[in-house]
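Everything below concerns the one structure shown next.
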Amino acid sequence: DIKVAPKGFSEFADQQLEAASVKCQGGMMDCDGDRRDYAKKQMENFSKRGTGEEDTTCKAEEPCTSNLIGAAVQALNGMTPAEKYKNLGFDEEEYADRPNVFK
């Protein structure tokens with residue numbers, strides 16, 4: 001069945017397409033498959049934990065610390081451990097004065 005779209009639908013559809021085009025320009029919402037491939041590699045690496053085969057490079061989504069409980073508590077409170085910034089390769093001057101850094 002063919003139905004006539006309500007008045008204003010075309011404008012709404014154009015807005016949705018524009019929003020999607022902005023959303024799909026890299027980062028967490030990358031629509032060209034890169035994010036899906038990255039997530040698949042994350043899951044593969046997660047399944048290798050404890051085997052010695054996992055990638056131990058510090059990444060933004062990892063706690064990057066041996067104190068996992070402390071990192072979880074800090075994250076719940078909006079804080080980031082200074083150790084994580086250091087392990088990600090930031091200079092101390094870049095994160096020392098941030099209000100959300102737990103020292």
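Everything numeric in this text was worked out from a predicted model, so none of it was measured.
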Going by side-chain contact (heavy atoms from CB on, under 4.5 Å), name the residues that satisfy it together with Glu53, two or more places apart in sequence or in a different chain. Lys48, Thr51
Shared-cluster residues of Phe46, by chain and number - hydrophobic side chains joined below 4.5 Å: Met43
First locate atom CD of Gln74, then atom CG of Asn67, and finally report the distance between them rounded to the nearest 0.5 Å. 7.0 Å
Sequence-distant partners of Lys86, side-chain contact (heavy atoms from CB on, under 4.5 Å), two or more places apart: Tyr95
